Amino acid sequence: MFYIRMVLRNIRRHKYKSFFNMMVCIAILGFLNIYTGNLVHTQEQLETISRTIPIKAVITNAAGDAESGLFIHDKRVQSVLHSSNIANAVFTLQSVGYINDSQVSLMAANTYRAFPGMEANNFFSSELNECLVTQSFLDNHHLKVGDEITVEQYYYELLDYIYQNLLPLDTITYTISGVVDEHVDLSAGDSLAPDILLPLNTVRNIYTQNNLTFFADSGSFTAANPLALNQLKEEMHEAGFMEVNSNADLSLDGNSLIIQDSTFIQTAGNLLKGHTVMQNCFPVILLLPILSGFVSSYLITNSRQEEFAIMRSLGIRKSNCIMTFLLENGILLLLSCIPGALPGILLFRIGINTLLLNAALFLFCYLAGTFAALIILSKISIVEVLTKAD
Amino acid sequence: MNILKLENVSYSYQTKYQTIEAVKHASFTFATGKMYAITGESGSGKSTLLSLMAGLDLPSEGHIFVNGTDMSSLDRDQYRCREASVIYQAFHLFSLLTAKENVMFPLELRGIPRKEASRQAENYLQKAGLPEKIYRQFPPMMSGGEQQRVAIARAMAAGGKILLADEPTGNLDTENEKKIVELLKAFAHEDGCAVIVITHNPEVAAEADKILRMCDGILTQIQ
């Protein structure tokens with residue numbers, strides 16, 4: 001109890017030295033928290049970079065100059081749709097049809113994402129014979145939601161990779177299950193706005209029923225995990241996709257991929273480089289509290305040599321003197337932990353676990369420096385100090 | 001009663017160029033209830049001898065016995081805490097403690113409760129002839145004489161039977177010098193302590209019951 005009281009009294013009475021000590025501690029701990037906050041922040045950025053900088057891929061022809069009006073073989077479509085490395089795959093297929101000799105344009109899609117502005121819905125994952133139509137289509141044909149329409153549907157056949165032949169597919173009756181909002185952009189890409197929207201699976205089933213191979217005419221997707229980009233590329237290569245070759249012959253076969261990964265690779269590369277440098281420098285950064293703990297404690301305790309010598313001459317053991325000085329510093333360090341945590345919290349919102357870990361590391365390192373300074377102090381000649389001023 | 005016995009005590013230390021023999025074969029027995037003065041020129045080994053008697057260092061040769069026990073086998077921190085007190089020419093009080101807190105320090109160190117330590121400290125300060133207004137003052141605010149009295153009160157509070165004083169009046173004027181010497185004499189004669197004063201002041205030495213002289217490390221009794 002005596003020693004605790006002495007320590008608290010010393011902190012109070014040596015107020016300028018205590019203040020100086022605390023300021024040094026706050027500055028170093030603040031720096032340490034900013035440093036680790038930055039490190040954690042970079043780590044988080046690396047983990048969330050796939051969301052912030054998504055890698056988009058577009059299926060094109062071999063030359064890479066066409067992204068729609070292609071023939072993307074069903075085998076490739078299914079490879080993309082079932083890949084765990086891919087997210088948000090979008091496939092469409094346009095065709096024409098006739099209702100009572102009147103031509104209508106049709107578009108099948110596997111997701112509402114094919115149409116910018118459309119609200120999320122499950123319509124496009126259906127396999128039922130249902131459709132969405134535009135308001136003008138309803139008006140022109142004097143129809144309403146819930147009515148049925150019978151469409152004489154056509155499909156495009158690819159000849160010699162570059163020619164298209166329009167052939168009848170089937171005559172299908174669809175139920176009108178809704179109207180597309182006016183603000184939805186139906187003319188995605190360079191296509192004309194369709195009159196009727198269909199679920200891709202429904203159309204695919206019609207192809208199968210007519211013993212025809214299904215083809216989508218445009219496709220795109222994003223990488224589910226950009227950090228596993230090489231894995232995705234390998235999988236797509238196995239699925240039959242090739243890299244774009246600008247010298248390739250004119251073709252409508254959708255067999256190539258343009259992966260827009262340059263921004264991601266540059267950003268991720270920079271982040272990873274910075275993160276690695278900061279992580280490798282961390283042990284060196286820890287030297288800072290050790291050195292400053294040593295230097296500031298050495299300067300402060302050196303100015304208290306006389307006090308140390310008096311304590312020793314009054315019979316206080318060397319170990320108790322060291323413990324007293326250490327405890328004094330320890331309390332000041334603990335008090336510094338609160339303001340020292342603020343920069344990290346305010347700038348990087350670092351979590352309590354990181355703050356506690358930093359505080360523990362800082363305490364340990366700083367006190368190690370203080371301990372070294374006290375060991376040097378304890379080797380002074382008491383007689384020399386006490387007779388020096390005589 | 002004999003309390004401190006020097007038996008053929010020598011102390012030497014090594015400098016860069018030579019070995020210095022600061023104390024040579026000193027033998028003497030100090031008893032309680034008496035005041036001793038050790039005189040001698042500067043560098044004669046007086047302060048070295050005092051630090052040996054204070055247990056701040058051990059002799060290179062010979063033995064120092066405290067109540068019949070060899071100091072080398074004693075816990076010297078405990079010895080300074082309970083048996084021997086030292087006062088210095090430069091007073092060496094804790095500058096950030098008040099006069100009373102300085103005197104309370106050895107009492108609390110010995111485990112005396114704070115309230116009781118405070119009461120005893122006031123008694124010792126009163127005994128040292130210090131007015132009450134001094135109790136709450138910090139050493140830098142006091143005169144040299146007042147500081148030395150606080151140092152003596154602190155030594156009294158330590159409760160030991162040996163008081164070692166290294167030039168206790170060296171920084172004081174004649175009037176304060178006399179007061180301090182009286183206090184030290186009272187400490188020896190009334191409180192039954194062995195007071196050993198290192199001084200080169202013949203007037204202070206003349207007040208002692210026995211005078212010893214250090215010359216080139218050799219200790220001799222001259223009175």
Side-chain angles (χ1 to χ4, degrees), chain A residues 1-22 299-325 327-329 331-332 374-375 377-390, chain B residues 11 13 22 42 46-52 54-57 75-98 101-114 117 138-139 151 154-155 157-160 164 166-168 170-171 198:
Chain A
M1 197 60 202
F2 166 70
Y3 288 106
I4 300 283
R5 231 178 11 242
M6 186 164 76
V7 164
L8 295 176
R9 190 170 52 195
N10 280 350
I11 290 173
R12 211 170 54 241
R13 302 255 166 108
H14 287 286
K15 55 187 174 198
Y16 295 115
K17 285 171 187 167
S18 301
F19 181 74
F20 169 75
N21 210 352
M22 273 186 75
L299 292 174
I300 289 170
T301 53
N302 228 26
S303 69
R304 291 172 64 182
Q305 266 190 9
E306 186 190 353
E307 192 180 331
F308 185 88
I310 298 170
M311 283 163 77
R312 292 283 293 123
S313 81
L314 287 172
I316 297 182
R317 289 183 199 289
K318 196 185 275 187
S319 56
N320 286 346
C321 291
I322 291 175
M323 276 309 296
T324 307
F325 278 65
L327 195 61
E328 216 178 297
N329 256 12
I331 290 172
L332 290 174
L374 286 171
I375 290 294
L377 177 73
S378 70
K379 295 201 184 301
I380 57 162
S381 161
I382 304 165
V383 183
E384 212 170 280
V385 173
L386 295 178
T387 54
K388 192 165 60 180
D390 287 354
Chain B
Y11 184 81
Y13 57 90
S42 293
K46 305 187 298 289
S47 293
T48 307
L49 185 65
L50 181 124
S51 70
L52 292 173
L56 292 170
D57 219 330
D75 177 341
R76 287 184 289 141
D77 291 323
Q78 277 296 302
Y79 166 68
R80 282 197 303 280
C81 183
R82 295 182 183 277
E83 300 286 343
S85 303
V86 192
I87 58 173
Y88 298 89
Q89 182 179 346
F91 324 123
H92 292 306
L93 299 170
F94 290 111
S95 58
L96 292 175
L97 299 188
T98 63
E101 285 168 342
N102 263 290
V103 182
M104 281 168 71
F105 194 93
L107 295 167
E108 288 188 273
L109 186 61
R110 274 165 38 211
I112 294 171
R114 195 168 164 72
F138 291 93
R154 183 174 70 182
L164 303 158
D166 191 3
E167 298 284 4
N171 280 349
I198 303 270

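So you know, we letter chains A, B, ... as the sequences are listed, proteins then strands, and number each from 1. Quick note: numbers below take in every heavy atom, side chains included, and nothing from hydrogens, waters or symmetry partners. Please read all numbers here as calculations on a predicted model, not as lab measurements.
Of the atoms belonging to Arg154(B), it is side-chain heavy atoms, and not backbone ones, that fall under 4.5 Å from chain A. Only the backbone of Leu93(B) comes within contact range of chain A, with heavy atoms under 4.5 Å apart. Neither the backbone nor the side chain of Tyr79(B) comes within contact range of chain A; no heavy atom of the residue lies under 4.5 Å from a heavy atom of that chain. Interface residue Asp75(B): only side-chain heavy atoms are found under 4.5 Å from chain A. Only the side chain of Glu306(A) comes within contact range of chain B, with heavy atoms under 4.5 Å apart.
A distance of 7.5 Å separates CG in Leu386(A) from CG in Leu56(B), rounded to the nearest 0.5 Å. Separating the CD1 atom in Ile112(B) from the CZ atom in Phe2(A) is a distance of 11.0 Å, to the nearest 0.5 Å.
Contacts from residues 6-15 of chain A to chain B, taken as heavy-atom pairs separated by less than 4.5 Å, involve Met6(A), Arg9(A), Arg13(A), His14(A) in sequence order. Residues of residues 309-318 of chain A lying under 4.5 angstrom from chain B, judged on non-hydrogen atoms, are Ile310(A), Met311(A), Arg312(A), Ser313(A), Leu314(A), Gly315(A), Ile316(A), Arg317(A), Lys318(A) by number.
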